[in-house]
Amino acid sequence: MIDLKQLQKDFENISKKLKRKGVDEALLAELKAKFEELKVAKTNFETLQAAQNAMSKEFGIYKREGKDISELKARVDENKVKIAEALEIQRQKQEELEKIAMAIPNIPDDDVPDGEDEDDNVEIKRVLTPPTFDFTPKEHWELAEQNGWIDFERGVKLATSRFSVAFGMGAKLERALINFMLDFNAKRGFGEVSVPEIVNRRALEGTGQLPKFEDDLYKIEGAELYLIPTAEVPLTNLYQDEILKAEELPKKMTAHTSCFREEAGAAGRDTRGMIRQHQFHKVELVTIAKPEESDAIFDEMVACASDMLTALELPHRLVTLCTGDLGFSAAKTVDLEVWLPGQNTYREISSVSNTRDFQARRAKIRYKDGKKNTLVHTLNGSSLAVGRTMVAIMENFQKEDGTIEIPKVLHPYLGMS
RNA sequence: GGAUCUUUGGCUGAGUUGGUCGAAAGCACCGGUCUUGAAAACCGGCGAGGGUAACACCUCCCUGGGUUCGAAUCCCAGAGGGUCCA
């Protein structure tokens, strides 16, 4: 959630910045008005409540001294009606305000480039040179089937489209990758955490998936519970509603989880293969940081993911997302795109975001900064999406006969020497 | 699934014949005195959110309702935890 006090104080500026994200100025003006109306309603209610409290106190004294209370009671009863009315107005204002505020995206950083969509993202750098082949490289689904690693049909049989099953070396490679990734992240100071893959509504509101993106989530019928779309949700919300000590920060965490996405708006895209699945493994990084250190940590997290790809010998590039491609909660995002020879293109394999205090404000995560409490900054990033890493390995390490080499760093994890 | 107990501030833990309780006490923590320095001792401070120039004031004792002029304290429902039964 954006800072409403800031909006009130500095409307021009905030409005200008959010315009880059396509937020209508009229909507912001409405939000600002609602905020002011709420303040009035609150003051109103509190004044009445204060009177009520004072009279109640008096009441006690009267009774103890055996005085007549009928006149006082009449006044108190009258006030009670007013309080109920005032409270109702306040509630209504609160609700109206939240409805708007919760649906407004984060303010992009000034250095985020303007743009419509992914075509306007700005490349930062390329790492490693894409391999050359003296044959036509195959796409991963062909290789996956040929090697018996992935069975797409039987995944559909068990669940529905966009589910798959890994067998044999495919299954082992998946497990090896998860372990490798967690170990790699641990060496960079990210402590391993194992978290629930089902979370409640409050958690998803905290990180910004709700209320706006309910359609992207799998919901448990009959309960206010959802399957997580990313470990960012449980990891970040771990400290929801807490006031952390300054010396505890930064909290650098990593976790492996399955991720579940409805992919409601993705009909027709990436229907073949395992680029866009409803369920996939991912190793995630999350950091809870002090505001002044979040930029440095952002760079660390990008470097961690990039170096991991380098260790896996996978060519990739880094791009800064433009305003149009930036997610709802992010102030800034750098995507890592891995080279896929079969598709002859770079595809997203990791996304690292700084949400600044946007999620912290929603989730009420603060730290004690000397005397006062300050909202933390939260950052998240994949390191990495496991399925897509397998895709990248298959396509980059394929031989002419369709067999696949295994990157050296994974050998210890697969009992190869 | 049934019975019963329980849920208080960073922690431990008083407070359940409703009013003077935002809440005793201890620990932890912070500041000071003392000390070459530290410890001990002593003095002071010390929950959160909103609000204010600062006060005042409002809200919060698991959550949501209710009773009452007034609830941490009473009633109902729910959630978490313990114990017993199944």
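All values below were derived from every heavy atom in this structure, side-chain atoms included, with hydrogens, water molecules and symmetry-related copies excluded. Below, read A as the first sequence line, B as the second, and so on, with proteins coming before strands; counting in each chain starts at 1.
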Does this structure show an ion pair linking [X] with [Y], if we count only N-O contacts that are shorter than 4.0 Å?
X	Y	answer
A/R272	A/E139	no
A/R347	A/D270	yes
A/R356	A/D295	yes
A/R276	A/E263	yes
A/E71	A/R75	yes

Mind checking [X] for me? I need base, sugar-phosphate or nothing, with any heavy atom below 4.0 Å counting as a touch.
X	value
A/R75	nothing
A/I243	sugar-phosphate
A/K245	nothing
A/Q52	sugar-phosphate
A/N79	nothing
A/K364	nothing

[N] and [M]: how far apart are their [atom1] atoms, nearest whole angstrom?
N	M	atom1	answer
B/A41	B/C27	P	9 Å
B/U68	B/C55	P	37 Å
B/G15	B/A24	C1'	8 Å
B/G31	B/G37	P	16 Å
B/C5	B/C75	P	11 Å
B/U83	B/U67	P	37 Å
B/G78	B/A56	C1'	38 Å
B/U73	B/A25	P	22 Å

(request) Please name all residues satisfying side chain to side chain donor-acceptor pair (under 3.5 Å) with A/Y413, sequence neighbours left out, ordered by chain then number. (result) A/D183
(request) Under 4.0 Å from any heavy atom of chain A: name the first and the last nucleotide of RNA chain B that qualifies, 5' to 3'. (result)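 Nucleotide range with atoms under 4.0 Å of chain A: B/G19 to B/G70.
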(message) Can you tell me how the ring of A/F213 sits relative to the ring of A/F328, calling it parallel under 30°, perpendicular over 60° and tilted otherwise?
(response)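 Because their plane-to-plane angle is over 60°, the rings of A/F213 and A/F328 count as perpendicular.
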(message) Let me spell it out: for each of A/A51 and A/R91, pick the nucleotide of RNA chain B with the closest heavy atom. Which residue's pick is nearer the 5' end?
(response) A/A51
(request) Please tell me which of A/K57 and A/K80 maps to the more 5' nucleotide of RNA chain B, matching each residue to the nucleotide holding its nearest heavy atom. (result)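 Mapping each residue to its closest nucleotide by heavy atoms, the 5'-most match is A/K57.
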So which nucleotide does [N] pair with, by the Watson-Crick or G-U wobble rule with both distances under 3.5 Å?
N	value
B/A3	B/U83
B/A71	none
B/A40	none

(request) Keeping to residues at least two apart or across chains, list the ring-ring contact (aromatic ring centres under 6.0 Å, His included) pairs with something in residues 41-89 of chain A. (result) none
